[in-house]
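A short worksheet on the structure shown next.
What you see is a predicted model; the values in this text were computed from it and never measured. The sequence lines fix the lettering, A, B, ..., with proteins before strands; numbering per chain opens at 1.
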Protein chains: 2
Amino acid sequence: MTGKKVLVVDDDAKTVELVKLYLNRDGYRVLTASDGIEALRLAREGHPDLIVLDIMLPGVDGLTVCRALRAESDVPIIMLTARTTDQDKLDGLDLGADDYVTKPFSPREMAARVRAILRRLPGERGPDEIRCGGLIVNFARHEAVLQGRPLNLTIVEFKLLGVLVREPGRVFSRAELIEKALGYDFEGFDRTIDVHILNLRRKLEPDPKNPRYIKTVYGVGYKLAEVNSGT
Amino acid sequence: MTGKKVLVVDDDAKTVELVKLYLNRDGYRVLTASDGIEALRLAREGHPDLIVLDIMLPGVDGLTVCRALRAESDVPIIMLTARTTDQDKLDGLDLGADDYVTKPFSPREMAARVRAILRRLPGERGPDEIRCGGLIVNFARHEAVLQGRPLNLTIVEFKLLGVLVREPGRVFSRAELIEKALGYDFEGFDRTIDVHILNLRRKLEPDPKNPRYIKTVYGVGYKLAEVNSGT
DNA sequence: CGTAATTATTAAGAAATTGTTAATTTATTA
DNA sequence: TAATAAATTAACAATTTCTTAATAATTACG
């Protein structure tokens, strides 16, 4: 873990603690501030890699802080707003915030957004791309390439391949694939997966009848073969 | 099926029954409670592997129960909330719940989340791989390899070998093997096992007539020989 | 040695799983 | 909103695996 620094600014101590808890769990160092003045000071002296900034602040408000920060640096900012009116969101974005989250929010979601932004920061792209044999799956570009030839995958096909390619060789049951590619709330049948696998194979297998990449494990599910180019 | 235990806590009997129905269908044993006091008692005495906990409870509320449980164990908790305000979710997560579901929810989705959490529990999957002599059985990959040569096992063969390899040297009766490899609900005959053992031997024994790995214990059952490479 | 009990082997039919196509529903885009 | 693309379902075919039943071989033990 790189230990990126995140500055969290909110006048509600409980919110700050909650966000801090989750970000710490993700391996980030966290600075905290409860008002605009302190926020500006820490933003300048602490060199955070990302700032989570509430709009409603005592003293200098969040919008002003955001404006001030934007004038002097490109640090990514996630705006926090208690109000639901879209005008607030627009204002925040207008000021150059990278993302906005409406209160009340789930700390998991917040942590995910922080990860997402820091991931696309120059330097640490993280596992934005996975290679396996001649297969390249790029999550940031939402693009899969096989032997230099781009596959034209649909969303579900891409997600399926994404799940498989993250753990090549491991067998995934249809239930697992549904959970991970279609979501917990999918109410349909197992066999839907079969059709998606079929379509995937048509797009990436040289000979779909004899799959080289996506193997069927009879009675269990599917897996991505680990391709040793030399063998 | 391991028959993991799940405690479902909700004051609405209909909700409890619905969740119970779906969890039973997945092979889980289900304990139920309708108030906080009972929940705590069952959580302590019933040793559930997971708890589904409603926030709104008469008497001791769900949040308090969650807090109390967290103080004394790491049992995974899924919080249930009827209110849509995310503040509830936050509180739940803050207390260490592993997941939350907002009412009204789909019982299928609930069951899926329960499966997902129990699946990634440390004890649940056991080791992903067991080695014994030149034999490697990898459960995640659903693959068995002998002296570097992959065996092409069917599900039943794989499960049988899996049972044997977990306790090399121990004799398993046919009844035991049926239970563990074919399931409790198998209605067939003992002798089916013989055929599977035969097929297994054909795939892994250098000389199936003189089994080196899977030994017959006359009048008792089968066992996996402990292989000392030097002998 | 011979008999009864147990296990090994074989092969065929039954059952379960997967592959495939096409029609239908749902979502997206112009 | 119409046109297009995608996801899902349903039905059937193809395949694999499981189970059974019948027979042969082996073991235990008087």
Given the rule in the side-chain hydrogen bond (donor to acceptor under 3.5 Å, both in side chains) test, do A/R174 and A/Y222 qualify, once you have shown the distances and angles that lead to the verdict? CA-CA 8 Å; A/R174 289 176 177 73; A/Y222 297 96; 3.1 Å; yes

Take A/R212 and A/E205, measure what salt bridge (Lys or Arg N to Asp or Glu O under 4.0 Å) needs, and give me the verdict at the end. CA-CA 7 Å; A/R212 223 176 130 245; A/E205 296 285 355; over 6 Å; no

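OP1 or OP2 of D/dA5 has not a single side-chain nitrogen or oxygen of A/T154 nearer than 4.0 Å. Residue B/K209 has no polar side-chain atom (N or O) positioned under 4.0 Å from OP1 or OP2 of D/dA25. When the side-chain nitrogen and oxygen atoms of A/T192 are compared with OP1 and OP2 of D/dT9, one or more of them lie within a distance under 4.0 Å. A close approach under 4.0 Å does not occur between any side-chain nitrogen or oxygen of B/R201 and OP1 or OP2 of C/dT9. Phosphate contact (OP1/OP2 of D/dA6, side-chain N/O of A/H196, threshold under 4.0 Å): absent.
B/N210 places its CG atom 10 Å from the P atom of C/dT9, with the value rounded to the nearest Å. For the pair A/K215 NZ and C/dT17 P, the interatomic distance rounds to 22 Å; values are reported in whole Å. Here D/dT17 presents its P atom at 11 Å from CG of B/N199, a figure rounded to the nearest Å. In this structure, the CD atom of A/E187 is 15 Å from the C1' atom of D/dA7, given to the nearest Å. Nucleotide D/dA5 holds its P atom 16 Å from the CG atom of A/L153, rounded to whole Å. In this structure, A/L177 places its CG atom 16 Å from C1' of D/dA7, rounding to the nearest Å. With rounding to whole Å, B/D194 atom CG is found 18 Å from D/dA24 atom P. Rounded to whole angstrom, the span from the NZ atom of B/K203 across to the P atom of D/dC18 amounts to 8 Å.
Applying the ring pair (Phe, Tyr, Trp, His ring centres under 6.0 Å) test to B/Y22 and every residue at least two apart in sequence or in another chain returns nothing.
Closest to the side chain of A/T216, from the set C/dT18, C/dT21, D/dA7, is C/dT18. Distance from the side chain of B/V195 is smallest for D/dT20 among the nucleotides C/dT21, D/dT20, D/dT9.
Note on ring orientation: taking the six-membered ring where Trp is involved, the planes of A/F158 and A/F139 are perpendicular (angle over 60°, cut-offs 30° and 60°).
Although no hydrogens or angles enter the test, the distance criterion places a donor-acceptor pair under 3.5 Å between the side chain of B/S106 and the main chain of B/R108. Put simply, the side chain of B/R201 gets close to the backbone of B/I214: a donor and an acceptor are under 3.5 Å apart.
Using a 4.0 Å heavy-atom distance criterion, A/I155 is classed as a sugar-phosphate-only contact. Nucleic acid contact class of B/F158 (heavy atoms, under 4.0 Å, all strands): none.
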Using the 3.5 Å cut-off, write out each protein N or O paired with an N or O of nucleotides 2-6 of chain C and the distance between them.
{"unit_1": "C/dA5", "atom_1": "N3", "unit_2": "B/Y218", "atom_2": "OH", "d": "3.2"}
{"unit_1": "C/dT6", "atom_1": "O4'", "unit_2": "B/Y218", "atom_2": "OH", "d": "3.1"}
{"unit_1": "C/dT6", "atom_1": "O3'", "unit_2": "B/G219", "atom_2": "N", "d": "3.4"}

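Look at A/K223 and B/E143 and you find a salt bridge, because one of the NZ, NE, NH1 or NH2 atoms lies within 4.0 Å of a carboxylate O, short of that distance.
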